[in-house]
Asks: 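One structure coming up, written as structure tokens, with questions to follow.
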Amino acid sequence: MIEGLEPVALQELRALGAARVWPVEGRLEALPSLTPVRGSISAEHRGNVLAVEGQLSTIVSLSCDRCLQQFNQQLECEPSELIWLGDAPPTDEQLQHSQEIAAMAGLVEVLNPRGTFDPQQWAFEQLNLLLPVVNFCGDHCPGPPGLNTEDLQASQQVVDPRWQALRSLQQGNEP
């Protein structure tokens, strides 16, 4: 747990009347990283929405899905998100009341206005979204372990004896 990133009541953010900024310096338990997560998160209560912005960076160690070797991946992001404050997602009528709210298109996250905002969970979600679906160490990847070019050439020259008759026919018909 990162010190200072405890959940905060949305009513407290509303009473603040300005953006609250959290410095981020530490490790997230759910995201094993080589370096501490660094950056900042700010959240501002704007009536029906919570405007959240951040700047986060860290380095994680991943295992290549192809060669199984470990490699380091830098994660950096500057996310910005509007979170709807209500018991249900906004209706089309509610979205048209304000240009800022009208910009909320597609999937919208919803928080209970009497609930809390967890900046640590938000930071984890933003960094987790940056993790690759397929872990690939890069163009220098040697490929699957135990498979080299000599093994590949030898396996291509070994012919199943059941196919030997067909191979003889093919070689006999070649000009």
Asks: What heavy-atom pair brings Val60 and Pro32 nearest, and what distance separates the two atoms?
Replies: CG1-O, 3.7 Å

Asks: Given 3.5 Å as the limit, does a donor-acceptor pair link the side chain of Arg27 with the main chain of Leu34, or not?
Replies: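 Yes; at least one donor-acceptor contact below 3.5 Å.
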
Asks: Answer whether the closest heavy-atom distance between the side chains of Ile83 and Phe117 falls below 4.5 Å.
Replies: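 Yes - at least one pair of side-chain heavy atoms lies under 4.5 Å apart.
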
Asks: Any chance CZ of Arg20 has more than 12 other-residue heavy atoms, nucleotides or ligands included, within less than 6.0 Å?
Replies: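 Check passes, neighbour count above 12.
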
Asks: Once you round to the nearest 0.5 Å, how far does SG of Cys141 lie from CZ of Arg66?
Replies: 4.5 Å

Asks: Checking Ser63 side chain against Gln70 main chain: does a donor-acceptor pair fall under 3.5 Å?
Replies: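 Looks like no, no N/O pair under 3.5 Å.
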
Asks: Answer yes or no: is there a side-chain heavy-atom contact under 4.5 Å between Gln69 and Leu62?
Replies: no

Asks: For Glu81 and Trp122, test the side chains for any donor-to-acceptor distance below 3.5 angstrom and give the result as yes or no.
Replies: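 The answer is yes; a qualifying pair exists.
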
Asks: Is Val49 linked to Val110 within one hydrophobic cluster, defined over Ile, Leu, Val, Met, Phe, Trp and Tyr using a side-chain heavy-atom separation of less than 4.5 Å?
Replies: yes

Asks: Measuring from atom CD of Glu53 to atom CD of Glu78, what distance do you get when rounded to the nearest 0.5 angstrom?
Replies: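 Glu53 atom CD to Glu78 atom CD measures 9.5 Å (nearest 0.5 Å).
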
Asks: Quick check for you: to the nearest 0.5 Å, what is the distance between Leu75 atom CG and Ser57 atom OG?
Replies: 9.0 Å

Asks: Counting C-beta onward and ignoring hydrogens, is there a side-chain heavy-atom pair between Asp65 and Phe136 closer than 4.5 Å?
Replies: no

Asks: Which atoms form the tightest heavy-atom contact between Ile59 and Thr35, and what is the distance?
Replies: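 Taking Ile59 first and Thr35 second, the nearest heavy atoms are N-OG1, 3.0 Å.
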
Asks: Shortest non-hydrogen contact from Pro132 to Asn135?
Replies: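 Shortest heavy-atom separation between Pro132 and Asn135 comes out as CG-OD1, 3.2 Å.
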
Asks: Please test Ser40 against Gln55 for side chain to side chain donor-acceptor pair (under 3.5 Å), starting from the C-alpha separation and ending with a verdict.
Replies: CA-CA 5 Å; Ser40 64; Gln55 184 275 319; 4.9 Å; no

Asks: Would you check, one step at a time, whether the test side chain to side chain contact (heavy atoms under 4.5 Å, CB included) holds for Leu13 with Leu50?
Replies: CA-CA 9 Å; Leu13 288 175; Leu50 181 67; 3.9 Å; yes

Asks: Between atom CZ of Arg114 and atom CG of Asp87, what is the distance when rounded to the nearest 0.5 Å?
Replies: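 Here the interatomic distance stands at 5.0 Å.
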
Asks: Considering only heavy atoms from C-beta outward, does the side chain of Trp22 approach that of Ile2 to under 4.5 Å?
Replies: no

Asks: How long is the span from the CG atom in Leu130 to the SG atom in Cys77, to the nearest 0.5 Å?
Replies: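 SG of Cys77 is found 5.0 Å from CG of Leu130.
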
Asks: Within the supplied structure, the quantity of interest is the number of heavy atoms (other residues, nucleotides, ligands) at a distance under 6.0 Å from Glu29 CD; does it exceed 12?
Replies: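 No.
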
Asks: Kindly work out whether a path of hydrophobic side-chain contacts (I/L/V/M/F/W/Y, heavy atoms less than 4.5 Å apart) joins Leu131 to Phe124.
Replies: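 In one cluster with Leu131: Phe124, yes.
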
Asks: For residues Gln120 and Leu5, report the shortest heavy-atom separation together with the two atoms involved.
Replies: CB-O, 3.7 Å

Asks: Using every non-hydrogen atom in the two residues, find where Pro113 and Gln11 come nearest and quote the distance to one decimal.
Replies: O-NE2, 3.1 Å

Asks: Taking the side chain from Thr116 and the backbone from Pro7, do they hold a donor-acceptor pair closer than 3.5 Å?
Replies: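 Judged by distance alone, no pair lies under 3.5 Å.
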
Asks: In Å, rounded to the nearest 0.5 Å, how long is the span from CD1 of Ile41 to CD of Gln126?
Replies: 8.5 Å

Asks: Honestly curious: do Leu85 and Leu16 fall in one hydrophobic cluster under the side-chain, below-4.5 Å linking rule?
Replies: no

Asks: Please determine whether the number of non-hydrogen atoms from other residues, nucleotides or ligands lying under 6.0 Å from atom CD of Glu6 exceeds 12.
Replies: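 Yes - once you tally the heavy atoms of other residues, nucleotides and ligands closer than 6.0 Å, there are more than 12.
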
Asks: Taking the side chain as everything from C-beta on, heavy atoms only, tell me whether Arg38 gets closer than 4.5 Å to Leu56.
Replies: no

